Participant: 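This is the structure I have questions about; it appears just below.
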Amino acid sequence: MTGPVRTRFAPSPTGELHIGGLRTALFGWAFVQANGGEFVLRIEDTDRSRYVEGSVENIYEGLRWLGIEWNEGPDVGGPHGPYVQSERLDKYHAVADELRARGRAYRCYCTSERLAQLRKDQQKDGLAPGYDGRCRRLSDDEAEERARSEPFVVRFRMDRTGVTTFPDLIRGDVTFQNSLQDDFVILKTDGFPTYHLAMLVDDHDMEITHVIRAEEWLASGPRHLQLYEAMGWEPPRFAHLPLLVDRDGRKLSKRSGDVAALDYRENGYLPEAMLNFLAFLGWSLDDHTTHITAEEFSRVFTLDRVVPNPAFFDVERLDALNGHYIRALAPEAWCELVAGCLDRDLPAAVPRPLDRDLVTAVAPLLQERVARLGEVAGLVRFFFDLADYPASLLTERINGDTELAARTLDAALAALEGVTPEAWAPEPVEAALRSLQDTLDLKLRKFVSVLYVAIMGAPRGIPLFDSVALLGRDESIARLQAAREKLG
RNA sequence: GGCGCGUUCGUCUAGAGGCCUAGGACACCGCCCUUUCAAGGCGGAGAUCGCGGGUUCGAAUCCCGCACGCGCUACCA
């Protein structure tokens with residue numbers, strides 16, 4: 001194999017970009033970058049019944065979210081276009097004709113009813129389901145004659161002797177008995193090719209050198225190899241990536257939870273976190289690296305460090321990574337993100353635009369407390385309206401000591417009222433609140449939860465002193481009083 | 001059912017005959033720090049390397065068998 005490495009990502013526009021597909025794309029892209037080649041994006045829309053409007057745009061956006069770029073594709077063009085299979089039908093027909101001319105393919109007139117019945121009978125008899133080759137025996141004349149009036153598919157004539165062995169770049173040689181293969185469809189009744197034919201033609205035309213796809217395709221390897229052989233074309237190298245599985249160990253699917261790549265963006269995950277997470281699903285750099293950037297990944301990626309076993313899509317790990325990247329964000333960038341999700345997630349009742357100074361002041365307090373952007377609004381909401389809470393919450397962390405809660409609130413009120421409106425700022429507020437340690441003769445940590453609940457409605461949240469300062473004197477005092485009243 | 005692939009801490013993985021009394025990370029537990037919660041620091045627990053046979057002075061690493069899991073088995077990709 002000479003020339004530059006060329007690989008492709010070939011999704012079907014049947015809905016939103018699947019997170020597993022994004023992982024496949026990421027690995028293919030990284031492989032190309034690391035080897036200095038070209039990455040091709042191809043849309044496999046040969047199943048007209050499953051086409052979903054908007055899918056292609058969703059695929060573009062999902063890939064771009066992680067910074068995956070393609071050198072050739074439907075939108076950017078390239079020397080091997082078109083890059084949408086429905087626009088390449090003549091090429092598939094030409095190859096199907098050639099295969100028929102070579103005696104490696106034939107028209108099949110069997111109805112889907114007969115096929116269904118055949119499958120049923122085979123299963124009943126404990127046989128492997130598969131086409132029985134009935135139309136293989138049709139004479140040329142008869143096949144030609146019936147083609148004029150009957151719908152037909154074109155099947156590939158599999159060589160059923162011997163074995164097919166091919167080297168998978170990730171798991172080594174894989175061998176299949178050809179006797180177990182059957183004549184599969186390459187051209188459907190509607191004139192569209194099946195995946196097998198389309199892939200063959202396109203990968204050859206587009207000079208793909210490495211096919212990097214998920215393991216679910218491994219079993220169709222013999223079909224593809226025989227197809228290449230029948231056309232006399234050199235097959236590309238194959239690498240079947242381990243599947244991404246859910247908690248039950250099954251291939252990730254809708255019932256596994258969020259499976260649409262962009263849903264993760266919606267749910268507050270940073271692209272650098274998702275890329276880092278995906279990169280280590282089935283691949284590793286060494287015995288200690290756990291963080292990696294797109295730049296490094298695309299420089300050091302090699303297929304020989306991809307493992308063959310399936311990987312559990314563990315969202316807890318994703319969360320940890322996301323928190324890591326949030327903390328690594330520049331303060332200004334973080335502030336922008338906070339402003340964005342506050343604007344989006346805060347209740348509609350909160351008037352917009354939001355107080356920019358407040359947002360700027362609050363953002364730093366959130367940065368190391370949040371793993372997902374979705375948590376932001378919940379931590380900040382109390383600035384705008386305090387949800388009602390039960391009185392018991394005030395004493396939840398002080399062993400239900402109502403008397404201590406009352407003393408704390410009374411002392412806090414007195415201390416804060418001592419801070420004049422003019423002097424109201426973080427430092428004086430902190431000093432006032434810290435003075436409670438002397439007043440109550442207790443460590444701050446012993447009673448501060450009462451104040452958290454009074455101010456935020458929860459015994460935990462962002463730093464208290466800053467929050468009280470930001471909330472303002474009147475509102476803070478009002479909340480402390482309200483809390484005091486709850487205690488009776 | 002058939003075929004294929006897979007099987008190292010709960011999870012993702014390191015490991016390519018002796019460096020392994022199996023390493024790292026997430027999660028978990030404890031301590032420290034501390035303005036709650038986090039973050040951070042330190043420490044801990046956690047894998048007889050699916051099981052059983054071999055080969056070898058020596059096996060997580062090589063070979064065979066078994067078990068289990070998953071994938072495929074469409075005129076879907």
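Predicted model only: the values in this text are computed from it and were never measured. Order of the sequence lines fixes the chain letters, A, B, ..., with proteins taken first and strands second; residue numbering starts at 1 for each chain.
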Participant: Quick one: look up who B/G30 pairs with, Watson-Crick or G-U, both distances under 3.5 Å, and put none if it's unpaired.
Facilitator: B/C42
Participant: Write down the partner of B/A47 under the Watson-Crick or G-U wobble criteria, each distance required to be under 3.5 Å.
Facilitator: none
Participant: Please determine whether a side-chain nitrogen or oxygen atom of A/R460 lies at a distance below 4.0 Å from atom OP1 or OP2 of B/A38.
Facilitator: no
Participant: Is it true that A/R407 and A/D441 make a salt bridge, defined as a side-chain N closer than 4.0 Å to a carboxylate O?
Facilitator: no
Participant: So, is A/R171 close to the B/C5 phosphate, meaning a side-chain N or O under 4.0 Å from OP1 or OP2?
Facilitator: no
Participant: Report the distance from atom CZ of A/R445 to atom P of B/C31, rounded to the nearest whole Å.
Facilitator: 11 Å
Participant: Judged by modelled atom types alone, do A/D121 and A/Q117 share a side-chain donor-acceptor pair under 3.5 Å?
Facilitator: yes
Participant: Would you find more than 12 non-hydrogen atoms of other residues, nucleotides or ligands less than 6.0 Å from A/R327 atom CZ?
Facilitator: yes
Participant: Of all the choices, B/U7, B/A38, B/C3, which nucleotide is nearest to the side chain of A/P308 once you look at every atom?
Facilitator: B/U7
Participant: What nucleic acid atoms does A/L444 come within less than 4.0 Å of, heavy atoms only: base, sugar-phosphate, or nothing?
Facilitator: sugar-phosphate
Participant: Please figure out whether A/D466 or A/S284 has its closest RNA chain B nucleotide nearer the 5' end.
Facilitator: A/S284
Participant: Looking at A/N309, I'd like to know whether one of its side-chain N or O atoms comes within less than 4.0 Å of OP1 or OP2 on B/U13.
Facilitator: yes
Participant: Please report the distance, rounded to the nearest Å, between CG in A/D173 and C1' in B/G4.
Facilitator: 14 Å
Participant: Could you give the CG-to-P distance, from A/D287 to B/A22, as a whole number of Å?
Facilitator: 15 Å
Participant: Nearest whole Å is fine: how far is B/U35 P from A/L379 CG?
Facilitator: 20 Å
Participant: Scan nucleotides 71-74 of chain B against the protein and return all N/O pairs shorter than 3.5 Å with their distances rounded to 0.1 Å.
Facilitator:
unit_1, atom_1, unit_2, atom_2, d
B/G71, OP1, A/K251, N, 3.4
B/C72, OP1, A/K251, NZ, 2.6

Participant: Taking NZ, NE, NH1 and NH2 as the nitrogens, is one of them in A/D47 or A/R50 under 4.0 Å from a carboxylate oxygen of the other?
Facilitator: yes
Participant: Below 3.5 Å, can you tabulate the donor-acceptor pairs from side chains in residues 84-96 of chain A to any protein atom, sequence neighbours excluded?
Facilitator:
unit_1, atom_1, unit_2, atom_2, d
A/Q85, NE2, A/E44, OE2, 3.1
A/Q85, NE2, A/D202, OD2, 2.8
A/S86, OG, A/D45, OD2, 2.6
A/R88, NE, A/D202, OD1, 2.7
A/R88, NH1, A/H80, O, 3.2
A/R88, NH1, A/P82, O, 2.8
A/R88, NH2, A/D202, OD1, 3.1
A/R88, NH2, A/D205, OD2, 3.1
A/Y92, OH, A/D202, OD1, 3.1
A/Y92, OH, A/D202, OD2, 2.8
A/H93, NE2, A/G191, O, 2.8

Participant: Is B/U61 paired to anything, Watson-Crick or G-U wobble with both distances less than 3.5 Å, and if yes, which nucleotide?
Facilitator: none
Participant: A/R369 side chain: which of B/U35, B/A25, B/U36 is closest?
Facilitator: B/U36
Participant: Using the C1' atom as the point on both nucleotides, what is the distance between B/C29 and B/G46, in whole Å?
Facilitator: 11 Å
Participant: With a 6.0 Å cut-off on the ring centroids, do A/F297 and A/W283 count as close?
Facilitator: yes
Participant: Any strand counts, and the cut-off is 3.5 Å on both contacts for Watson-Crick or G-U wobble. Which nucleotide pairs with B/U55?
Facilitator: none
Participant: Whole-Å distance between B/U11 C1' and A/D319 CG?
Facilitator: 14 Å
Participant: Rounded to whole angstrom units, what separation is found between the CD atom of A/E113 and the P atom of B/C75?
Facilitator: 12 Å
Participant: Report, as yes or no, whether the 6.0 Å neighbourhood of atom CG on A/D173 holds more than 12 heavy atoms from other residues, nucleotides or ligands.
Facilitator: yes
Participant: Hunt down the Watson-Crick or G-U wobble partner of B/A25, both distances under 3.5 Å, from any strand shown, or write none.
Facilitator: B/U11
Participant: Pick the P atom in B/A25 and in B/G44, then give their distance to the nearest Å.
Facilitator: 12 Å
Participant: If the C1' atom of B/A14 is compared with that of B/C26, how far apart are they to the nearest Å?
Facilitator: 15 Å
Participant: Taking only N and O in the side chain of A/K446, is any of them less than 4.0 Å away from OP1 or OP2 of B/U35?
Facilitator: no
Participant: From B/C26, B/C76, B/C12, pick the nucleotide closest to the side chain of A/A320?
Facilitator: B/C26
Participant: Rounding to a whole Å, what distance do you find between A/I170:CD1 and B/U13:P?
Facilitator: 12 Å
Participant: So do the side chains of A/Y83 and A/M206 get within less than 4.5 Å of each other, counting heavy atoms only?
Facilitator: yes
Participant: Partner of B/C68 by Watson-Crick or G-U wobble geometry, both contacts under 3.5 Å, or none?
Facilitator: B/G6
Participant: Could you check whether A/R305 gets within reach of a base, just the sugar-phosphate, or nothing at all, counting any heavy atom under 4.0 Å?
Facilitator: sugar-phosphate
Participant: Which part of the nucleic acid, if any, lies within contact of A/T289, taking any heavy atom under 4.0 Å across all strands shown: a base, the sugar-phosphate backbone alone, or nothing?
Facilitator: nothing
Participant: Only pairs with both distances under 3.5 Å count, Watson-Crick or wobble alike; so what is the partner of B/C37 in this structure?
Facilitator: none
Participant: Please check if the distance between the ring centroids of A/H224 and A/Y195 is under 6.0 Å.
Facilitator: yes
Participant: Quick one: is A/R327 getting a side-chain N or O under 4.0 Å of the B/G40 phosphate, OP1 or OP2?
Facilitator: yes
Participant: Produce the list of close N/O pairs, under 3.5 Å, pairing protein atoms with atoms of nucleotides 65-67 of chain B; give distances to one decimal.
Facilitator:
none

Participant: Between atom CZ in A/R397 and atom C1' in B/U35, what is the gap in whole Å?
Facilitator: 13 Å
Participant: Report the residue (A/G282 or A/F465) whose heavy-atom-nearest nucleotide on RNA chain B is the more 5′ of the two.
Facilitator: A/G282
Participant: Using the C1' atom as the reference point in each nucleotide, state the distance between B/G30 and B/G69 in Å, no decimals.
Facilitator: 36 Å
Participant: Nearest to the side chain of A/E316 - B/C3, B/A27, B/U11?
Facilitator: B/A27
Participant: Base, sugar-phosphate, or nothing: which does A/G221 touch, judged by heavy atoms less than 4.0 Å apart?
Facilitator: nothing
Participant: Does the ring center of A/Y264 lie less than 6.0 Å from the ring center of A/F313?
Facilitator: yes
Participant: Select one nucleotide: of B/U13, B/G4, B/U35, the one nearest the side-chain heavy atoms of A/F176.
Facilitator: B/G4
Participant: My understanding is that only residues two or more places apart in sequence, or in another chain, count here; which of them pass salt bridge (Lys or Arg N to Asp or Glu O under 4.0 Å) with A/R381?
Facilitator: A/D385
Participant: Return yes when atom CZ of A/R134 has more than 12 non-hydrogen atoms of other residues, nucleotides or ligands closer than 6.0 Å, and no otherwise.
Facilitator: no
Participant: I'd like to know if A/D203 pairs up with A/R42 as an ion pair, taking the criterion as any Lys NZ or Arg NE/NH1/NH2 lying under 4.0 Å from an Asp or Glu carboxylate oxygen.
Facilitator: yes
Participant: Does anything in residues 448-455 of chain A reach RNA chain B, meaning a heavy atom under 4.0 Å, and if so which residues?
Facilitator: A/V448, A/Y452
Participant: Within the 4.0 Å heavy-atom criterion, would you say A/P193 contacts the bases, only the backbone, or no part of the nucleic acid?
Facilitator: sugar-phosphate
Participant: Nearest to the side chain of A/T290 - B/U13, B/A77, B/A25?
Facilitator: B/A25
Participant: Could you tell me which residues satisfy side chain to side chain donor-acceptor pair (under 3.5 Å) with A/R484, sequence neighbours excluded, listed by chain and number?
Facilitator: A/D410
Participant: Before accepting this row, confirm whether a basic side-chain N of the pair A/D183/A/R104 lies closer than 4.0 Å to the acidic partner's carboxylate O.
Facilitator: no
Participant: Taking the six-membered ring for Trp, is the centroid-to-centroid distance between A/F156 and A/H196 below 6.0 Å?
Facilitator: no
Participant: Partner lookup for B/G17, please. Criteria are Watson-Crick or G-U wobble with both distances under 3.5 angstrom; report none if nothing qualifies.
Facilitator: none
